[in-house]
Enquirer: 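I'd like to ask you about the structure that follows.
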Amino acid sequence: VQLQASGGGLVQTGGSLRLSCAGSGRTFRNYVMAWFRQAPGKEREFVAAITDSGVTTDYANSVKGRFTVSRDNAKSTMYLQMDSLKPEDTAVYCCAATTYTFAYSPMSYQYWGQGTQVTVSS
């Protein structure tokens, strides 16, 4: 599957953004999907994940209650609604897919989209 992330931008503290991750092919519905982010000088970190059916989701503690991951398999697209953004959310956000089970490590994901920059100003 090929993935393409979009929707990043510059927003003030407390603002919102919605990221999208568009997948190619009819097999999108078979993949567990996730969002990761990487800030300058830091390691890539897990943000959120969603099962192939969309029934189960999970979040990093740092974004729980502020971010919501969802997917529309009919449109082969995953979303990340980000509310109450903070300067520490500034990073390049990437989407990823795996045929394995629900996972939190980037090493478990086989397919990656290019990143989209999110910058939160204070």
Enquirer: If you group Ile, Leu, Val, Met, Phe, Trp and Tyr by side-chain heavy-atom gaps below 4.5 Å, do Leu3 and Val118 land in one group?
Expert: yes
Enquirer: Given 3.5 Å as the limit, does a donor-acceptor pair link the side chain of Thr77 with the main chain of Lys75, or not?
Expert: yes
Enquirer: Within the 4.5 Å heavy-atom criterion, are Thr13 and Pro87 side-chain neighbours or not?
Expert: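 Touching, per the 4.5 Å side-chain cut-off.
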Enquirer: Does Phe67 reach the side chain of Asp83, with side-chain heavy atoms less than 4.5 Å apart?
Expert: no
Enquirer: If the plane angle is over 60° it's perpendicular, under 30° parallel, otherwise tilted; pick one for Trp112 and Phe36.
Expert: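 Answer is tilted, since the angle falls between 30° and 60°.
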Enquirer: Working note: Val69 + Tyr79, criterion side chain to side chain contact (heavy atoms under 4.5 Å, CB included); need CA distance, chi angles, decisive distance, verdict.
Expert: CA-CA 6 Å; Val69 62; Tyr79 305 98; over 6 Å; no
Enquirer: Of all heavy-atom pairs between Phe102 and Ala49, which one has the smallest distance, and what is that distance?
Expert: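 Looks like CZ-CB, 3.5 Å.
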Enquirer: Can the positive tip of Arg18 be found less than 6.0 Å from the middle of the six-membered ring of Trp35, inside 45° of the ring normal?
Expert: no
Enquirer: Within the side chain of Ser20, is there an N or O that forms a donor-acceptor pair under 3.5 Å with the backbone of Ser6?
Expert: no
Enquirer: For Ala91 and Ala39, work out which heavy atoms get closest and say how close.
Expert: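 Nearest heavy atoms, Ala91 then Ala39: CB-N, 3.8 Å.
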Enquirer: Can you find a side-chain donor-acceptor pair between Ser70 and Gln81 that sits under 3.5 Å?
Expert: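 No, because no side-chain N or O of Ser70 sits under 3.5 Å from a partner of the opposite role on Gln81.
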Enquirer: Got more than 12 heavy atoms from elsewhere within 6.0 Å of CD, Gln110?
Expert: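 Enclosed.
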Enquirer: Evaluate whether atom NZ of Lys42 has more than 12 neighbouring non-hydrogen atoms of other residues, nucleotides or ligands under 6.0 angstrom away.
Expert: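 Counting neighbours around NZ of Lys42, 12 or fewer heavy atoms of other residues, nucleotides or ligands fall under 6.0 Å, so no.
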Enquirer: Does the Gln12 side chain pair with the main chain of Ser122, one donor and one acceptor, at a distance under 3.5 Å?
Expert: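 No, because the side chain of Gln12 does not come within donor-acceptor range (under 3.5 Å) of the backbone of Ser122.
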Enquirer: Would Ser16 and Met82 count as a side chain to side chain contact (heavy atoms under 4.5 Å, CB included) if you check the C-alpha gap in whole Å, the side-chain angles of each, and the deciding distance to 0.1 Å?
Expert: CA-CA 5 Å; Ser16 297; Met82 305 187 295; over 6 Å; no
Enquirer: Given ring pair (Phe, Tyr, Trp, His ring centres under 6.0 Å), test Tyr31 with Tyr111 step by step and report yes or no.
Expert: CA-CA 10 Å; Tyr31 294 91; Tyr111 306 97; 5.6 Å; yes
Enquirer: Any chance CD of Gln4 has more than 12 other-residue heavy atoms, nucleotides or ligands included, within less than 6.0 Å?
Expert: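 At most 12 heavy atoms, drawn from other residues, nucleotides or ligands, come within 6.0 Å of this atom.
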Enquirer: Can you sort out the partners of Gln117 under side chain to side chain contact (heavy atoms under 4.5 Å, CB included), two or more places apart, ordered by chain and number?
Expert: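 Listed in chain order: Thr90, Val92, Thr119.
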Enquirer: Between Met78 and Phe28, is the side chain to side chain contact (heavy atoms under 4.5 Å, CB included) condition met? List the steps.
Expert: CA-CA 10 Å; Met78 175 180 64; Phe28 179 86; 4.3 Å; yes
Enquirer: For Tyr104 and Asp58, which I'm curious about, is there any donor-acceptor pair between the side chains at under 3.5 Å?
Expert: yes
Enquirer: So, are Asp52 and Arg71 salt-bridged, with charged N and O less than 4.0 Å apart?
Expert: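 No, no charged N to carboxylate O under 4.0 Å.
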Enquirer: Are Tyr109 and Val47 connected, step by step, through hydrophobic side chains (Ile, Leu, Val, Met, Phe, Trp, Tyr) whose heavy atoms are closer than 4.5 Å?
Expert: no
Enquirer: Can you see which heavy atom on Val63 is nearest to which on Asp89, and at what distance?
Expert: CG1-OD1, 4.5 Å
Enquirer: Any heavy-atom pair between the side chains of Arg37 and Glu45 that's under 4.5 Å?
Expert: yes
Enquirer: Let's go through Thr116 and Leu19 carefully: what are the C-alpha distance in whole Å and the side-chain angles of both, what is the deciding distance for side chain to side chain contact (heavy atoms under 4.5 Å, CB included) to 0.1 Å, and is it a yes or a no?
Expert: CA-CA 8 Å; Thr116 185; Leu19 305 184; 4.0 Å; yes
Enquirer: Kindly give the heavy-atom pair with the smallest separation between Leu80 and Ala48, and that separation in Å.
Expert: CD1-CB, 4.2 Å
